[in-house]
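First up is the structure itself, then whatever we jot down about it.
All values below come from the heavy atoms of this structure, side chains included, with hydrogens, waters and symmetry mates left out.
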Protein chains: 2
Amino acid sequence: MRLTRAGEYGIRCVRHLAIHGQGKLVSRKEIASRTEVPPHFLAKIAQQLARAGIIEILQGANGGYRLLNDPAKITLLAVIEAIIGEISLNDCVGRPESCRDSALCTVHRVWNKANQQLRATLQEADFATLAREDACCLTSFP
Amino acid sequence: MRLTRAGEYGIRCVRHLAIHGQGKLVSRKEIASRTEVPPHFLAKIAQQLARAGIIEILQGANGGYRLLNDPAKITLLAVIEAIIGEISLNDCVGRPESCRDSALCTVHRVWNKANQQLRATLQEADFATLAREDACCLTSFP
DNA sequence: TCTATATAAGACTAAAAACATCTTATATGT
DNA sequence: ACATATAAGATGTTTTTAGTCTTATATAGA
């Protein structure tokens, strides 16, 4: 697992939308400038979020992005995995076939446990909470 | 954080040494072939493990590597961090200065918790245990 | 209907990191 | 002295990440 820049940007984007509330349309331009994400890069990230059913993209004049669901229902895990794919701390966890016998592998078992914990922690965090307080990472409201 | 190939190889190396027991000298050649790690790459990894005080390197004819401590005292965390540096799931965690106000950042707080959990889980795993049972990843004994 | 504005989609490029190898030097046992 | 083993760092290759650019498409409003 590795939180890439794209993943970080995806979080910023959803958090910014969450601050405005579900269904509120915000232009890509505004999101990009407020969260300091390169606009074209944000476009790609938004497409992934849209495919994952997290946001809706409206084209045309006065277009933009908006959250499809209640921020309280959107987890940090869902956003991250929409961007970087399912989290796996090492290959052993994500692709059992890369192990000779992953069911018995003591090392594997540790990774597996760590991976489950990590995903659980990220799943507990929802964007209603994440948007509520002031936060670093350039995503706070005016 | 990302478990690189080098990290994975470091684990294989220490596990192989742990199977032989503390203080037992094993040649780089044997470790490399048994764990399927490129010999020259293993040399670099071994140097990092040596700098971290995990193994001792003996030069010259009949040289090789050996564990300095009881495998039960060597944690998965120590080995991984000897190779890839201190684990941090995102920049926010590892470099608080990259946040405007990391103490208040709700996103940061989630990462921080996840990071602590991950390190704790990896610290609980020791190489006496990891070496005990059959395992995948090419590190089992003859 | 035409135009301005906005995003879509994917090709393309640059930079960084990962992965590995190669070469020269140094240490040790016989 | 010689054979064998690792040290150390330069070098090269591949993959991934990060970001940009271009052409196409959709929409609001004059």
Checklist entry - Quick one: is R28(B) getting a side-chain N or O under 4.0 Å of the dT6(D) phosphate, OP1 or OP2? => result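 For dT6(D), OP1/OP2 do have a side-chain N/O of R28(B) under 4.0 Å.
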
Checklist entry - Are any of Y9(A)'s side-chain N or O atoms less than 4.0 Å away from OP1 or OP2 of dG19(D)? => result yes

Next on the checklist: Tell me if a side-chain donor or acceptor on R28(A) pairs with a main-chain N or O of G64(A) at a distance below 3.5 Å.
Outcome noted: no

Taking atom [atom2] of [N] as reference, at what distance in whole Å does atom [atom1] of [X] sit?
X	N	atom1	atom2	answer
K44(B)	dA5(D)	NZ	C1'	19 Å
E30(B)	dT6(D)	CD	C1'	16 Å
F41(B)	dA7(D)	CZ	P	15 Å
E8(B)	dA20(C)	CD	C1'	16 Å
L25(B)	dA5(D)	CG	P	11 Å
Q48(B)	dT6(D)	CD	P	17 Å
K29(B)	dT4(D)	NZ	C1'	9 Å
L42(A)	dC21(D)	CG	C1'	17 Å

Nearest non-hydrogen partners of [X] and [Y], listed with the distance:
X	Y	answer
N69(B)	I74(B)	O-CD1, 3.9 Å
N115(A)	S88(A)	OD1-CA, 3.3 Å
A125(A)	V110(B)	CB-CG2, 3.6 Å

Checklist entry - Any side-chain donor-acceptor pair under 3.5 Å between Q117(A) and T121(B)? => result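 Distance-only check passes for Q117(A) and T121(B).
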
Next on the checklist: On DNA chain D, compare the nucleotides closest to R51(B) and H40(A); which residue's is nearer the 5' end?
Outcome noted: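 Here R51(B) is the residue nearer the 5' end.
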
Item to check | salt bridge (Lys or Arg N to Asp or Glu O under 4.0 Å) between K113(B) and E124(A), worked out | outcome: CA-CA 11 Å; K113(B) 179 183 172 188; E124(A) 284 165 19; 3.3 Å; yes

Item to check | salt bridge (Lys or Arg N to Asp or Glu O under 4.0 Å): pairs with one or both residues in residues 41-61 of chain A, sequence neighbours excluded | outcome: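 Sorted pair list: E56(A)-R66(A).
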
Item to check | For DNA chain D, the residues among residues 52-65 of chain B that have a non-hydrogen atom under 4.0 Å from it | outcome: I57(B), L58(B), Q59(B), G60(B), A61(B), N62(B), G63(B), G64(B), Y65(B)

Checklist entry - Using a cut-off of 4.0 Å on non-hydrogen atoms, how would the nucleic acid contact of A6(A) be classed: base, sugar-phosphate, or nothing? => result sugar-phosphate

